[in-house]
Structure formats: structure tokens, C-alpha cells
Amino acid sequence: MLDRKLLRKDPQIVVEAARAKNEKIDMEQWLEADANRRALMLEIEELRKQRNQLSKAVSIKRRAGENADEEMNKSREIGTKLGALESRVTEIDSLLASIEMSFPNIPDPDVPVGGEKDNVILKTRGKVPEFNFQPKPHWELMEDVFQPEAASRIAGSNFILFRGWAAKLQRTLISWMLDYHIENGMEEVWAPFVAKPESMTATAQLPKMDDDMYKIGRDDLYLIPTGEVPITNLYRDQLLEETSLPVRLCGYTPCFRREAGSYGKDNRGLNRVHQFEKVEMVRLEHPERSEDAHLELLDHAVAMLELLGIPYRVLLLASGDLSFAAAKCFDIEIWSAGQEKWLEVSSISNFRDFQARRGNMRFRPAGGGKPRYIHTLNGSGLALPRLIISLVENGQQADGSIKLPQVLAERMGTEVIR
RNA sequence: GGAGAGGUGGCCGAGCUGGUUUAAGGCGUACGCCUGCUAAGCGUAUGUAGGGGAAACUCUACCGAGGGUUCGAAUCCCUCCUUCUCCGCCA
């Protein structure tokens with residue numbers, strides 16, 4: 001959600017932001033409704049004032065034992081008028097709210113305008129492995145432990161099932177990443193894997209992503225598409241003290257995505273699935289420090305890839321690739337040796353005060369003063385399936401065995417998976 | 001799932017036989033006074049949002065949410081949400 005004062009003062013900025021993000025918005029309709037609302041409110045407040053005065057007069061007269069019929073009649077008339085005006089305001093309010101929900105966040109000035117082709121590769125690190133044999137894709141290397149047919153029998157296509165070492169590897173990675181974040185000053189959170197519509201609206205999955213989420217209609221709940229939802233909503237409707245900022249959180253959750261309309265070539269194996277596991281980093285930050293915090297989250301994510309020895313590159317997303325709520329976003333892509341392509345394994349976003357407005361998340365400045373909206377940020381740290389793809393494919397050896405990086409070998413109890 | 005009791009400003013908490021409560025009081029916070037320092041004490045200020053005004057200031061709304069009754073609702077009625085206690089069920 002954007003600041004109404006900004007909408008009134010600089011509607012053009014919002015129109016341009018929406019165009020850069022390929023979102024259709026109707027600013028004219030909003031401006032007209034807002035002007036109507038304000039005119040109505042002026043009238044309503046004047047009438048209320050009169051009614052309050054009459055009520056007071058009635059009270060005083062009654063106390064004195066005098067007749068107050070005249071005041072009461074006048075007040076009744078005003079009440080009728082007010083009722084009509086108020087119901088019009090209610091209508092306009094819901095119109096305004098629904099229009100505002102369709103306004104995307106404004107990209108930062110340093111975000112390139114354009115589509116996917118305009119994403120900027122900020123850096124590429126690590127050595128892409130070379131083989132003296134034809135490297136295999138992960139679904140061949142993991143035939144015994146990754147069983148999509150079984151998952152399909154249980155839950156439908158594009159769900160996954162791990163057994164044996166793959167299940168253990170995933171669990172080990174989750175635990176290792178959480179420990180890493182805790183060492184870096186984050187607090188681990190275990191949150192619900194379902195969320196109410198209000199929560200989805202606060203972090204801005206709703207209204208736009210409704211079709212991409214699993215919905216439990218009977219209980220009016222959604223399965224979370226990312227840990228961002230429950231972890232950020234931990235602070236919905238909360239007023240923090242400035243001294244408690246920043247809030248650094250991390251947590252493991254599964255992520256459920258319908259991926260409607262995305263069936264096709266890129267969803268073989270673990271590349272794109274309906275349920276995947278993820279460790280998420282969430283940060284609540286002072287508005288003046290969110291820029292630095294954003295870079296810090298990026299550092300945390302890539303540091304893990306360095307420890308795992310996985311080649312990666314960092315992209316600054318162009319406006320058209322930014323999510324609805326983001327002002328700026330870095331994507332981290334890792335190398336898949338068996339498929340010979342880069343895979344997105346983390347998205348690290350700064351939402352500035354966009355989610356905080358929707359979710360009413362504020363802090364009281366030290367030394368008093370009016371509460372201000374916090375800035376929210378989050379980033380994957382990291383998503384499991386593609387991490388596993390990269391570890392398996394990049395670590396493969398001629399005999400089909402897989403060499404593990406040292407940090408995992410210690411925890412898995414073996415250096416090579418056979 | 002059943003029964004009962006609650007949801008009031010950053011927090012706690014009165015008000016709830018409808019009208020000087022445009023929400024008492026306390027805690028916390030800010031500023032000042034006092035004081036070797038600190039603590040305590042004293043004084044003043046301090047909810048959120050929107051409108052008007054150069055400003056002092058002023059108007060309006062908000063007591064979980066939404067409806068209703070009434071000239072007038074934190075206060076009465078209805079629906080829903082939610083928290084707690086007890087019972088039931090269950091890993």
C-alpha cells in the first residue's frame with residue numbers, strides 16, 4: 001500500500017511505477033473517488049458537530065427539567081441526513097481500498113526499467129565445474145532416492161518425494177542453514193504453514209496471487225507460498241520501540257505453489273514443484289537503514305554458497321521482473337552442471353514501507369514522537385530443491401557417485417554419496 | 001465440539017443502572033525542578049487517524065469487527081472474530 005498523500009500529490013509517479021512493472025492501474029478513478037470522499041467528509045463532520053451540540057443541549061435541559069423536544073427533532077433530522085451521507089462514504093471507502101490494493105510498490109531509482117532482459121548481472125563467483133565425461137541431470141543421479149511417481153500417487157503430479165540419503169541431505173541442509181543464520185544473529189522462528197487472508201494481504205500475496213495459492217476454502221485459509229508470510233506477519237498490527245530494531249528472523253517452512261499455467265519444459269525433476277522447502281530470512285528495519293540491511297541479507301545468502309562451493313551469480317532485477325510489493329530485488333542464481341543453466345535459488349527483496357502499511361507495522365521513535373512505519377525485507381536463505389540440484393549435479397563423479405562439500409560431509413557422516 | 005468469562009489508549013486498568021468521560025487512575029516515555037552520582041520525590045506534557053488554521057488552537061472519528069435500537073452508545077440488542085478457564089475429543 002502506498003501513502004495516500006503521495007497519491008494525491010504525485011499521482012504521476014505511481015502511474016509510471018505501475019507502467020514499469022507492467023501493472024494496470026486506474027489512477028483517475030482513485031483521484032475522483034478520493035476527492036468525492038473528502039467533500040462528503042467535510043459535510044458529514046459539520047453535521048456531526050451540530051448533532052453533538054444538540055445532544056449536549058438536550059442533556060442540559062433535561063437535567064434542568066425543561067422540555068427539549070425541539071432539539072431532539074432537529075437532531076433526528078440531522079441523523080437521517082447523516083445516514084445517507086455516511087453510507088455513500090462507506091461505498092467510496094471500499095472502492096478506494098480495492099483500487100489502492102491494485103497499486104504496486106514503486107521501484108527504487110536505481111532499479112533498471114525494463115523486462116527480464118534488462119536484469120543486471122552484478123557479479124559471478126565460483127568455478128563452473130568441468131567434467132571429462134558427460135554430466136547427468138539430477139533426476140538420473142537421484143533415481144533411487146527421488147521418486148516423483150510415488151509423490152504423484154500420493155498428492156498429484158509435480159509434488160516430490162525423497163527417501164534415504166536425499167531426505168537426509170535436505171534435512172541436514174535445513175538444519176545447517178538455520179544454524180548458520182543463528183550464528184549470524186538471527187532468531188529462529190517456527191510459524192504456522194497456513195495463513196488467513198488478512199495475513200496474505202499484508203504481505204501482498206493477495207489480491208494478486210490468489211490463483212497461485214492453495215486454498216482451504218472450508219476454513220478460509222491458504223497454504224503459505226513462502227515463509228515470508230507467517231514470519232513477517234508475526235509483527236502485523238504491532239508497535240515496536242525503535243531500540244528493538246532491527247528485528248532479524250529466520251525460519252524453515254515448506255512453500256506451496258499451484259504454479260498454474262507453468263507446466264512445460266522447465267519443470268522436470270526438482271526444477272519447479274508444488275511443494276518445496278525453504279529457509280527464509282526476514283528483517284524488520286529502521287527506514288533509514290533498509291538499504292544496508294538489504295545488502296547484508298544478500299551477503300548472508302551468498303556466504304552459504306561460498307561455503308558449499310557452489311558457483312553463483314547475483315542479479316539486480318529490472319522493474320518488470322520485480323514482484324508487486326518489492327521496491328528492489330536481488331536474485332541469486334546457481335549453476336546446474338547437469339542441465340547447464342543457472343537456477344534461481346534466492347530472491348532478496350526490500351519492500352520499504354509497502355508491507356508495513358498494509359500490515360500496520362510501526363515503531364515509536366526513540367525520544368518520543370509519532371509512530372513511523374518500519375521497512376520490511378526478506379530473502380531466501382536458501383530454497384532447497386535447486387540447492388540440492390546444484391550439489392548433486394556439480395558434485396557428480398564418473399561412477400555416478402556424488403562428492404559432498406566439507407561442511408556437509410561432516411554432518412552427513414560421509415564425503416561421498418554412492 | 002459443549003459451557004462460562006473477557007476483548008478499552010505503548011502497557012496495565014476503571015467506566016458498562018445510556019447524556020459535564022470530547023475514556024478516570026497507574027505504569028512507561030519526554031522535558032523541567034530537586035539532588036555529590038544513581039535511585040526516589042515533585043511539576044508539566046504525552047493515544048491514533050483525518051480536516052481547518054501562519055500559529056496558539058480547533059473540529060471529526062476511533063473503546064475487538066460489523067449491523068441495530070436511540071435525539072444521543074465504550075455503556076443496551078444481534079451477528080461474527082478472538083483470548084482465557086473448565087469439560088469432551090485427539091497426536
Side-chain angles (χ1 to χ4, degrees), chain A residues 1-9 30-101 190-202 206 216-222 230 233-245 247 284 286-287 353 356-374:
Chain A
M1 203 151 67
L2 299 169
D3 186 356
R4 282 195 172 175
K5 285 176 182 159
L6 174 73
L7 298 181
R8 287 180 196 126
K9 189 171 153 246
W30 187 89
L31 287 169
E32 190 189 327
D34 179 58
N36 281 338
R37 196 195 110 92
R38 291 207 286 169
L40 280 171
M41 283 311 292
L42 226 58
E43 219 176 317
I44 285 172
E45 287 188 2
E46 176 57 30
L47 288 173
R48 279 178 181 158
K49 184 177 172 181
Q50 287 173 23
R51 188 177 65 179
N52 286 344
Q53 285 166 351
L54 287 167
S55 283
K56 195 162 278 183
V58 170
S59 173
I60 290 166
K61 281 201 170 180
R62 281 224 171 156
R63 227 167 263 267
E66 293 171 32
N67 181 296
D69 285 353
E70 194 186 334
E71 283 81 0
M72 279 162 64
N73 286 334
K74 272 191 196 164
S75 182
R76 190 180 294 128
E77 270 176 46
I78 290 174
T80 311
K81 272 192 216 167
L82 270 176
L85 294 175
E86 279 166 351
S87 68
R88 279 173 64 196
V89 168
T90 305
E91 277 172 39
I92 292 177
D93 274 341
S94 66
L95 176 66
L96 283 172
S98 74
I99 299 173
E100 276 169 44
M101 283 296 157
W190 183 279
F193 299 163
V194 295
K196 299 195 267 192
E198 302 95 281
S199 298
M200 290 297 176
T201 303
L206 287 179
I216 308 167
R218 177 168 159 164
D219 297 299
D220 202 19
L221 290 168
Y222 291 87
N233 272 281
L234 179 54
Y235 283 89
R236 177 154 57 88
D237 290 322
Q238 301 298 304
L239 182 61
L240 299 166
E241 292 301 325
E242 177 168 353
T243 48
S244 64
L245 295 175
V247 176
L284 310 185
H286 189 283
D353 63 6
R357 280 177 193 285
R358 292 183 164 231
N360 191 31
M361 297 178 253
R362 299 174 301 166
F363 71 94
R364 177 158 330 260
K370 287 188 183 300
R372 298 177 61 189
Y373 289 109
I374 57 167

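So that the names make sense, note that chain A is the first sequence line, chain B the second, and so on, each numbered from 1.
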Pairing check on [N]: which nucleotide meets the Watson-Crick or G-U wobble criteria with it, both distances under 3.5 Å?
{"N": "B:rA49", "value": "B:rU60"}
{"N": "B:rU22", "value": "none"}
{"N": "B:rC27", "value": "B:rG10"}
{"N": "B:rC37", "value": "none"}
{"N": "B:rG32", "value": "B:rC42"}
{"N": "B:rU75", "value": "none"}
{"N": "B:rC89", "value": "none"}
{"N": "B:rC84", "value": "B:rG4"}

Output the rounded distance in Å from [atom1] ([X]) to [atom2] ([N]).
{"X": "A:Met41", "N": "B:rA49", "atom1": "CE", "atom2": "P", "value": "16 Å"}
{"X": "A:Met72", "N": "B:rG18", "atom1": "CE", "atom2": "C1'", "value": "13 Å"}
{"X": "A:Leu40", "N": "B:rU60", "atom1": "CG", "atom2": "C1'", "value": "14 Å"}
{"X": "A:Leu47", "N": "B:rG72", "atom1": "CG", "atom2": "P", "value": "13 Å"}
{"X": "A:Leu96", "N": "B:rG50", "atom1": "CG", "atom2": "P", "value": "14 Å"}
{"X": "A:Leu221", "N": "B:rC81", "atom1": "CG", "atom2": "P", "value": "12 Å"}
{"X": "A:Asp237", "N": "B:rA65", "atom1": "CG", "atom2": "P", "value": "11 Å"}
{"X": "A:Asp93", "N": "B:rA61", "atom1": "CG", "atom2": "C1'", "value": "12 Å"}

With heavy atoms under 4.0 Å as the rule, sort [X] into base, sugar-phosphate or nothing.
{"X": "A:Leu54", "result": "nothing"}
{"X": "A:Asn52", "result": "sugar-phosphate"}
{"X": "A:Arg4", "result": "nothing"}
{"X": "A:Lys370", "result": "sugar-phosphate"}

Considering only side-chain heavy atoms of [X], which listed nucleotide, [options], is closest?
{"X": "A:Lys196", "options": "B:rU82, B:rU60, B:rG51", "value": "B:rU82"}
{"X": "A:Arg48", "options": "B:rG10, B:rU60, B:rG72", "value": "B:rU60"}
{"X": "A:Leu42", "options": "B:rG51, B:rU60, B:rG19", "value": "B:rG51"}

What distance, rounded to whole Å, do you find between the two [atom1] atoms, one in [N] and one in [M]?
{"N": "B:rG13", "M": "B:rG28", "atom1": "C1'", "value": "14 Å"}
{"N": "B:rC76", "M": "B:rA3", "atom1": "C1'", "value": "24 Å"}
{"N": "B:rA24", "M": "B:rG47", "atom1": "P", "value": "10 Å"}
{"N": "B:rU85", "M": "B:rG26", "atom1": "P", "value": "31 Å"}
{"N": "B:rU69", "M": "B:rA30", "atom1": "C1'", "value": "45 Å"}
{"N": "B:rU75", "M": "B:rU17", "atom1": "C1'", "value": "10 Å"}
{"N": "B:rG72", "M": "B:rU20", "atom1": "P", "value": "15 Å"}
{"N": "B:rC34", "M": "B:rA39", "atom1": "C1'", "value": "13 Å"}

Short side-chain to backbone donor-acceptor contact, A:Arg358 and A:Met101, under 3.5 Å: yes
Using side-chain heavy atoms (C-beta onward) and a distance below 4.5 Å, is [X] in contact with [Y]?
{"X": "A:Ile92", "Y": "A:Leu40", "value": "yes"}
{"X": "A:Arg76", "Y": "A:Asn73", "value": "yes"}
{"X": "A:Pro197", "Y": "A:Leu206", "value": "yes"}
{"X": "A:Arg357", "Y": "A:Arg4", "value": "no"}

Contact nearer the 5' end of RNA chain B, comparing A:Lys5 with A:Arg51: A:Lys5
Nearest-nucleotide 5' precedence on RNA chain B, A:Gln53 against A:Arg38: A:Arg38
Quiz item: A:Arg62 side-chain donor-acceptor pair to B:rG19 base, under 3.5 Å: yes
A:Arg364 side-chain N/O to B:rU48 phosphate OP1/OP2 under 4.0 Å: yes
A:Asn360 vs B:rA49: side-chain N/O to OP1/OP2 distance below 4.0 Å: no
Might you confirm whether atom [atom1] of [X] has over 12 heavy atoms from other residues, nucleotides or ligands at distances under 6.0 Å?
{"X": "A:Arg8", "atom1": "CZ", "value": "yes"}
{"X": "A:Glu32", "atom1": "CD", "value": "no"}
{"X": "A:Glu198", "atom1": "CD", "value": "yes"}

